[in-house]
A.B. asks: 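This is the structure, below, for whatever I ask next.
This chain uses plain numbering: 1 for the first residue, then up along the sequence. These numbers come from the heavy atoms of this one structure, side chains and all, not from hydrogens, waters or symmetry mates.
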Amino acid sequence: MSRIGKAPIPVPAGVDINIDGNRVRVKGPKGELLETVSPDMVLTLQAGSLTVARPSESNTHRALHGLTRTLIANMVTGVTTGFEKRLEIVGVGYRAALKGQDLEIQVGYSHPVVVSPPRNIEFEVPAVTQIVVKGISKQVVGQVAADIRAIRKPEPYKGKGIRYQGEVVRRKVGKRA
């Protein structure tokens, strides 16, 4: 059985990677992440780089190889520099504010919506119409940002709501007289 590996993942100084069977633990200056990968993939750690190898060229192994490599590369990036998602709030009277660690959003409901951050996630509000979600796990940062956006998705007639920074909302014309 030949082992095929591509594009080793560079491991910067200050990052520790422990491989225990199919569990990968990555520790760095910003925190620690743990991921369970497929037992078919072979992980080898050598001199500042981690290589993921697959046992065959089958479609399943090729897909698992790319997934495993990307998950581990994102873990290394997360514990060194971290990830962030930026959201914009559009609408008259729509705003966000920090109340301690919690994010309080007012987007046209009769009450403000309070979002508590999960572990290893923090919120920033640089302006009342901007929200920044920061963390070490790319998956969790993306999910929290998506949950915040789901509170009031951008509507197609006036474009009001919460959107990702740079997101283009397709506008509809509306009713005509």
A.B. asks: State, to 0.1 Å, how close Val115 and Phe123 come at their nearest heavy-atom pair, and which atoms those are.
C.D. replies: O-CE1, 3.7 Å
A.B. asks: List the atom of Glu155, the atom of Val169, and the distance in Å for their closest heavy-atom pair.
C.D. replies: O-CG1, 4.1 Å
A.B. asks: Do the non-hydrogen side-chain atoms of Thr129 and Val90 ever get within less than 4.5 Å of each other?
C.D. replies: no
A.B. asks: Keeping Tyr109 on the side-chain end and Ile151 on the backbone end, is there a donor-acceptor pair under 3.5 Å?
C.D. replies: yes
A.B. asks: How close do Gly82 and Lys30 get, heavy atom to heavy atom, and via which atoms?
C.D. replies: N-CD, 4.1 Å
A.B. asks: Do Ile105 and Ile162 have side-chain heavy atoms sitting under 4.5 Å apart?
C.D. replies: yes
A.B. asks: If two hydrophobic side chains count as joined below 4.5 Å and joins carry through other members, does Val76 share a cluster with Val140?
C.D. replies: no
A.B. asks: Going from CE on Met75 to CD1 on Ile136, what distance comes out if it is rounded to the nearest 0.5 angstrom?
C.D. replies: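 Result: 9.0 Å between the selected atoms.
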A.B. asks: List the atom of Thr51, the atom of Pro8, and the distance in Å for their closest heavy-atom pair.
C.D. replies: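 Looking at all heavy atoms of both residues, the shortest contact is OG1-CB, 3.7 Å.
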A.B. asks: Shortest non-hydrogen contact from Arg23 to Leu34?
C.D. replies: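 Looks like NH2-CD2, 2.7 Å.
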A.B. asks: Given the rule in the side chain to side chain contact (heavy atoms under 4.5 Å, CB included) test, do Ile148 and Val133 qualify, once you have shown the distances and angles that lead to the verdict?
C.D. replies: CA-CA 10 Å; Ile148 291 172; Val133 181; 4.0 Å; yes
A.B. asks: Mind checking whether Val132 and Pro126 have side chains closer than 4.5 Å, heavy atoms only?
C.D. replies: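 In contact.
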A.B. asks: Does the side chain of His61 come within less than 4.5 Å of Asp40's, by heavy atoms?
C.D. replies: yes
A.B. asks: Determine, stepwise, if the pair Ser137 / Leu33 fulfils side chain to side chain contact (heavy atoms under 4.5 Å, CB included).
C.D. replies: CA-CA 8 Å; Ser137 172; Leu33 292 171; 4.1 Å; yes
A.B. asks: Is the shortest heavy-atom distance from the side chain of Val144 to the side chain of Pro118 under 4.5 Å?
C.D. replies: yes
A.B. asks: Measure the CZ-CG distance between Arg54 and Leu64 for me, rounded to the nearest 0.5 Å.
C.D. replies: 10.5 Å
A.B. asks: Just wondering, do Val42 and Pro55 contact through their side chains at under 4.5 Å, heavy atoms?
C.D. replies: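 Contact flag for Pro55/Val42 side chains = no.
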A.B. asks: Using modelled atom types only, decide if a donor and an acceptor are shared between the side chain of Arg171 and the backbone of Tyr157 within a distance under 3.5 Å.
C.D. replies: yes
A.B. asks: Could you give the distance from CD1 (Ile19) to OG1 (Thr44), rounded to the nearest 0.5 Å?
C.D. replies: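 Here the rounded value is 7.5 Å.
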A.B. asks: Testing the basics here: between Ala145 and Tyr164, what is the closest heavy-atom pair and its distance to 0.1 Å?
C.D. replies: CB-CE2, 4.0 Å
A.B. asks: With sequence neighbours excluded, tell me which residues meet side chain to side chain donor-acceptor pair (under 3.5 Å) with Glu84.
C.D. replies: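 Here the qualifying residues are Arg86.
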A.B. asks: Determine whether Met41 and Ile9 fall in the same hydrophobic cluster, where Ile, Leu, Val, Met, Phe, Trp and Tyr are linked whenever their side-chain heavy atoms lie under 4.5 Å apart.
C.D. replies: yes
A.B. asks: Name all residues meeting the side chain to side chain donor-acceptor pair (under 3.5 Å) criterion together with Gln143; count only those two or more places apart in sequence or in a different chain, and write none if there are none.
C.D. replies: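 Partners of Gln143 by the side chain to side chain donor-acceptor pair (under 3.5 Å) criterion, ordered by chain and then number, come out as Asp147.
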A.B. asks: When you compare the side chains of Asn22 and Thr36, does any donor N or O come within less than 3.5 Å of an acceptor on the partner?
C.D. replies: no
A.B. asks: Between Arg95 and Gly93, is there a donor-acceptor pair closer than 3.5 Å when you use the side chain of the first and the backbone of the second?
C.D. replies: yes
A.B. asks: What I'd like to find out is whether the side chain of Leu103 reaches to under 4.5 Å of the side chain of Leu98, using heavy atoms alone.
C.D. replies: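 Heavy-atom side-chain distance check passes, below 4.5 Å.
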A.B. asks: Rounded to the nearest 0.5 Å, how far apart are CZ of Arg149 and CD1 of Ile89?
C.D. replies: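 Nearest 0.5 Å value for the CZ-CD1 distance: 13.0 Å.
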A.B. asks: Applying the side-chain contact (heavy atoms from CB on, under 4.5 Å) criterion to Val11, which one of Thr80, Ile72, Ile17 satisfies it?
C.D. replies: Ile17
A.B. asks: First locate atom CG of Asn74, then atom CZ of Arg69, and finally report the distance between them rounded to the nearest 0.5 Å.
C.D. replies: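 The CG atom of Asn74 sits 9.5 Å away from the CZ atom of Arg69.
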A.B. asks: Working to the nearest 0.5 Å, report the span between CZ of Arg163 and NZ of Lys153.
C.D. replies: 14.0 Å
